Amino acid sequence: QVQLVESGGDLVQPGGSLRLSCAASGDIFSVRTVGWYRQAPGKQRELVAGITPRGSTTYVDSVKGRFAISRDNAKNTMYLQMNNLKPEDTAVYYCAVGSRTGGSTWLRPDYWGQGTQVTVSS
């Protein structure tokens with residue numbers, strides 16, 4: 001069983017930055033693909049960024065050039081650095097641990113964190 005705990009969500013002004021963290025328990029983190037999802041009110045949950053054990057990454061088009069996903073396998077922790085935040089980035093952000101899949105899905109989550117709220121507003 002893997003438990004994921006996110007932190008770092010906050011209220012920030014447009015153009016600001018935040019860094020989300022997700023700490024994982026257990027001993028499978030280093031060998032699994034991980035990612036950050038978000039869900040805004042009235043919208044479907046979407047994969048924002050993902051990273052494989054070897055460091056290959058993917059990003060949704062709307063965050064390319066602004067967000068960066070990283071992982072520290074020694075600490076069982078993943079991060080999402082978010083820069084130049086926009087109001088449309090407002091959502092609950094979830095970290096997930098799972099398996100890499102083919103096609104547009106990219107990641108099949110097996111474990112989810114509880115979510116952390118990111119609000120971008122002036």
Side-chain angles (χ1 to χ4, degrees):
Q1 187 70 19
V2 175
Q3 292 185 332
L4 305 174
V5 179
E6 300 110 333
S7 60
D10 205 346
L11 170 64
V12 63
Q13 293 187 344
S17 297
L18 282 176
R19 188 194 197 202
L20 304 183
S21 299
C22 176
S25 66
D27 57 1
I28 67 169
F29 179 85
S30 64
V31 297
R32 303 295 292 273
T33 296
V34 300
W36 288 95
Y37 289 76
R38 67 185 178 188
Q39 187 165 21
K43 295 188 176 181
Q44 288 189 332
R45 190 174 298 190
E46 66 173 349
L47 176 64
V48 176
I51 185 167
T52 67
R54 293 188 175 185
S56 296
T57 58
T58 191
Y59 296 91
V60 67
D61 286 346
S62 60
V63 308
K64 287 180 180 178
R66 300 189 297 121
F67 290 12
I69 189 171
S70 61
R71 63 191 297 166
D72 185 335
N73 290 334
K75 296 182 178 180
N76 276 8
T77 303
M78 70 176 90
Y79 306 96
L80 186 66
Q81 178 66 43
M82 305 186 293
N83 299 324
N84 190 21
L85 282 160
K86 303 177 180 181
E88 51 264 41
D89 296 317
T90 295
V92 178
Y93 284 71
Y94 300 88
C95 61
V97 172
S99 301
R100 177 77 171 88
T101 63
S104 60
T105 303
W106 205 89
L107 171 63
R108 185 191 69 219
D110 294 311
Y111 305 98
W112 292 93
Q114 82 286 355
T116 186
Q117 177 70 47
V118 172
T119 302
V120 185
S121 175
S122 55

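As a basis for the values below, the full set of heavy atoms in this structure was taken, side chains included, without hydrogen atoms, waters or symmetry mates. Please read these numbers as outputs of a predicted model, since none were measured by experiment.
Between the CD atom in Gln13 and the CG atom in Leu85 there is a gap of 11.5 Å [rounded to 0.5 Å]. Here the CE-CH2 distance, from Met82 to Trp36, works out to 8.0 Å after rounding to the nearest 0.5 Å. Atom OG of residue Ser122 and atom CG of residue Leu11 lie 9.5 Å apart, to the nearest 0.5 angstrom. To the nearest 0.5 Å, the span separating SG on Cys95 from CG on Leu80 amounts to 10.5 Å.
The nearest pair of heavy atoms linking Val5 to Gln114 is CA-OE1, 3.8 Å.
Applying the 6.0 Å contact sphere to CD of Gln3 captures no more than 12 heavy atoms from other residues, nucleotides or ligands. Crowding of Gln44 atom CD: a count of heavy atoms from other residues, nucleotides or ligands under 6.0 Å not exceeding 12.
Between the side chains of Ser17 and Asn83, at least one donor N or O sits under 3.5 Å from an acceptor N or O. With no hydrogens or angles considered, no side-chain donor-acceptor pair links Glu88 and Thr90 at under 3.5 Å.
Looking only at distances, no side-chain donor or acceptor of Arg19 sits under 3.5 Å from a matching main-chain atom of Gln81. Under a 3.5 Å cut-off, the side chain of Thr77 and the backbone N or O of Lys75 do form a donor-acceptor pair. Judged purely by atom type and a 3.5 angstrom limit, Gln39 has no side-chain atom pairing as donor or acceptor with the backbone of Tyr93. Formation of a donor-acceptor pair under 3.5 Å by the Asp10 side chain with backbone atoms of Val12 is not found in this model. The closest donor-acceptor contact from the side chain of Thr101 to the backbone of Trp106 lies under 3.5 Å.
A salt bridge is defined here as a Lys NZ or Arg NE, NH1 or NH2 lying under 4.0 Å from an Asp or Glu carboxylate O, and Asp89 with Lys86 fails to meet this definition.
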Donor-acceptor pairs are to be reported for all side-chain atoms of residues 53-60 against protein atoms at under 3.5 Å, with residues two or more places apart or in another chain.
residue	atom	partner	partner atom	Å
Tyr59	OH	Ile69	N	2.9

The test is side-chain contact (heavy atoms from CB on, under 4.5 Å); show your working for Gln117 and Thr119 and say whether it passes. CA-CA 6 Å; Gln117 177 70 47; Thr119 302; 3.3 Å; yes
Asn73/Phe29 under side-chain contact (heavy atoms from CB on, under 4.5 Å): CA gap, chis, key distance, verdict: CA-CA 7 Å; Asn73 290 334; Phe29 179 85; 3.4 Å; yes
Mind running side-chain contact (heavy atoms from CB on, under 4.5 Å) on Leu20 and Ser7 for me, showing each step along the way? CA-CA 6 Å; Leu20 304 183; Ser7 60; over 6 Å; no
Run the side-chain contact (heavy atoms from CB on, under 4.5 Å) check on Val97 and Met78 step by step: do they pass? CA-CA 10 Å; Val97 172; Met78 70 176 90; 4.2 Å; yes
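Hydrophobic clustering (ILVMFWY, side-chain heavy atoms < 4.5 Å, transitive): Leu4 and Val92 are in distinct clusters.
Partner Thr52 forms a side-chain contact (heavy atoms from CB on, under 4.5 Å) with one of Leu107, Thr33, Val34 and no other, that one being Thr33.
Between Arg38 and Val118, every side-chain heavy-atom pair lies at or beyond the 4.5 Å cut-off. Considering only heavy atoms from C-beta on, Leu18 stays 4.5 Å or farther from Phe67 through its side chain. Using a 4.5 Å cut-off on side-chain heavy atoms (C-beta onward), Val48 and Tyr37 make no contact. Looking only at side-chain heavy atoms (C-beta outward), Pro87 and Ser121 stay at 4.5 Å or farther from each other.
Tyr94 carries Arg45 over the face of its six-membered ring, with the cationic atom under 6.0 Å from the centre and within 45° of the normal.
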